Amino acid sequence: MRIDVVTIFPEFFDVLDISLLGKARQTGLLDVTAHNLREFTHDRHRTVDDTPYGGGAGMVMKPEPWGEALDTILGPTDAADPVTGTGAPVVIFPSPAGEVFTQKMARELAGREHLVFGCGRYEGIDQRVFEHAATRAEVRLVSIGDYVLNGGEVAVMAMIEAIGRLIPGVVGNPESLVEESHEDGLLEYPSYTKPAQWRGLEVPPVLLSGNHGAIDRWRREQQLERTRRVRPDLLPPGAGDPA
Ligand SMILES: Nc1cc(-c2ccc3ccn(Cc4ccc(CN5CCCC5)cc4)c3c2)n[nH]1
């Protein structure tokens, strides 16, 4: 998978070289390139923002540098490019006004060949950038949660990690991808490891029984109980009913 990130803080993404994804980059499974938006300005001050039409606090990111950056990354769109094939790029802009990023969306995006992330700053990006990009690629505004960050970079880092780890070969043990929170729609069961006693606290005896049928049943019940308590909105229909 090829990932391009457009940002005024390209060094922010250097951390990907040392994290879990560093190995994936070395093995060519994941190719991540950060582009400095200021490389696509032409004035002496490398200006990327200006005051908002209609007034209001703060600044808005100018459309021209974004247009040139996306021209470079998306390349001249020839008619043969289907906008929605797996090979066609998806351009994702983090936004507080976006659709919420979920494990389901992460799984879907992990199947695409080319992702482009656009990191806004200030009060956001001129709306026409999204409109024009949509004439040549699939465009999505995506929120990672109902809180306001200072820009898109942290959101993109979170999405790259959530997506990257679903790519076969990026995570050591693919088994661990199936049995985790949200993968089957429920929250995960609690985990334990040695020692069996720690500060007077025991490991649930079923986990030491070697009875794998009982262990699976206990874990499933833990998932349902935890999901009922913490995230009833995630319960599948009927799962919350008393047994
Ligand atoms: N899930 C999630 C994603 C983000 C996120 C993503 C990209 C950007 C780019 C700039 N900002 C800061 C920021 C500050 C103020 C406003 C609200 N203003 C009110 C009037 C115009 C806008 C919006 C945005 C981002 C925030 N935050 N949270």
Side-chain angles (χ1 to χ4, degrees), residues 3-16 19 21 32-41 43 45-74 89-110 112 114-134 136-166 180-182 187 230-231 233-234:
I3 296 181
D4 290 290
V5 184
V6 180
T7 168
I8 58 171
F9 298 124
E11 67 281 4
F12 190 96
F13 295 91
D14 291 350
V15 74
L16 287 175
S19 73
L21 299 178
V32 181
T33 307
H35 306 262
N36 186 342
L37 183 66
R38 293 194 194 278
E39 302 294 325
F40 300 94
T41 62
D43 64 302
H45 298 292
R46 310 185 87 191
T47 309
V48 293
D49 64 313
D50 204 334
T51 52
Y53 276 123
M59 304 290 273
V60 172
M61 298 191 100
K62 295 168 58 60
E64 302 97 322
W66 279 101
E68 292 190 26
L70 293 175
D71 287 347
T72 301
I73 292 166
L74 298 176
V90 191
V91 186
I92 299 157
F93 294 94
S95 165
E99 62 181 297
V100 177
F101 185 68
T102 59
Q103 188 69 9
K104 180 169 180 285
M105 192 188 298
R107 274 202 299 274
E108 186 214 319
L109 292 174
R112 303 296 288 259
H114 185 193
L115 304 181
V116 180
F117 289 97
C119 300
R121 276 276 153 173
Y122 307 98
E123 296 291 311
I125 302 170
D126 186 296
Q127 183 66 22
R128 292 167 292 180
V129 172
F130 310 137
E131 288 167 21
H132 186 270
R136 55 187 175 169
E138 184 183 338
V139 173
R140 299 196 193 183
L141 269 61
V142 178
S143 162
I144 62 164
D146 295 337
Y147 41 83
V148 183
L149 301 166
N150 281 333
E153 285 78 8
V154 166
V156 168
M157 192 64 85
M159 288 191 270
I160 289 178
E161 182 156 315
I163 295 162
R165 64 194 296 277
L166 295 178
E180 62 179 15
S181 266
H182 303 287
L187 298 186
V230 178
R231 289 292 305 276
D233 57 299
L234 294 178

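Every number for a ligand or one of its atoms is a count from 1 in the order of the listing. Starting from 1, each residue takes its place in the sequence as its number. All values derive from a computational prediction rather than experimental measurement.
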Looking only at heavy atoms, is any part of S95 under 4.0 Å from ligand 1, and if so is it the side chain, the backbone, or both, or is it neither?
backbone
Please check if the number of heavy atoms outside Y147 that lie under 6.0 Å from its OH is greater than 12.
yes
Which of the atoms of ligand 1 are close to V148, meaning less than 4.0 Å from one of its heavy atoms?
13 (C), 14 (C), 27 (N), 28 (N)
Ligand 1 atoms in contact with Y147 (distance to a heavy atom under 4.0 Å)
1 (N), 2 (C), 27 (N), 28 (N)
Between atom CE of M105 and atom CZ of R140, what is the distance when rounded to the nearest 0.5 Å?
6.0 Å
Does a side-chain heavy-atom distance below 4.5 Å link D126 with D50?
no
Take a 6.0 Å sphere around CG of D14 and say whether it holds more than 12 heavy atoms from other residues, nucleotides or ligands.
yes
Between S143, G151, A155, which one has a non-hydrogen atom sitting closest to atom 8 (C) of ligand 1?
G151
Counting only heavy atoms from other residues, nucleotides and ligands, does the tally under 6.0 Å from CG of D43 exceed 12?
yes
Suppose I only count heavy atoms of P94 and a 4.0 Å limit; which atoms of ligand 1 are within that range?
6 (C), 7 (C)
Heavy-atom nearest neighbour in the protein, as seen from atom 10 (C) of ligand 1, with distance rounded to 0.1 Å
Y122 O, 3.3 Å
Taking the non-hydrogen atoms of G145, is any one of them nearer than 4.0 angstrom to ligand 1?
yes
Is the contact between I125 and ligand 1 made by the side chain, the backbone, both, or neither, using heavy atoms and a 4.0 Å cut-off?
neither
Would the distance check show the side chain of T72 and the main-chain N or O of E68 forming a donor-acceptor pair, the cut-off being under 3.5 Å?
yes
Starting from atom 20 (C) of ligand 1, find the nearest protein heavy-atom neighbour and note its residue, name and distance.
E123 OE1, 4.1 Å
Ligand 1 atoms in contact with N150 (distance to a heavy atom under 4.0 Å):
10 (C), 11 (N), 12 (C)
Test log, rule side-chain contact (heavy atoms from CB on, under 4.5 Å), inputs D49 and E123:
CA-CA 10 Å; D49 64 313; E123 296 291 311; over 6 Å; no
Which protein heavy atom lies closest to atom 24 (C) of ligand 1, and at what distance to 0.1 Å?
P96 CG, 3.9 Å
Quick one: nearest non-hydrogen protein atom to atom 27 (N) of ligand 1, plus distance?
L149 N, 2.9 Å
Using a 4.0 Å heavy-atom cut-off, say whether F93 meets ligand 1 through its side chain, its backbone, both or neither.
neither
Given 3.5 Å as the limit, does a donor-acceptor pair link the side chain of S143 with the main chain of G145, or not?
yes
Residue pair R121 / M59, side-chain heavy-atom distance below 4.5 Å:
no
G120: numbered ligand 1 atoms lying under 4.0 Å from its heavy atoms
9 (C)
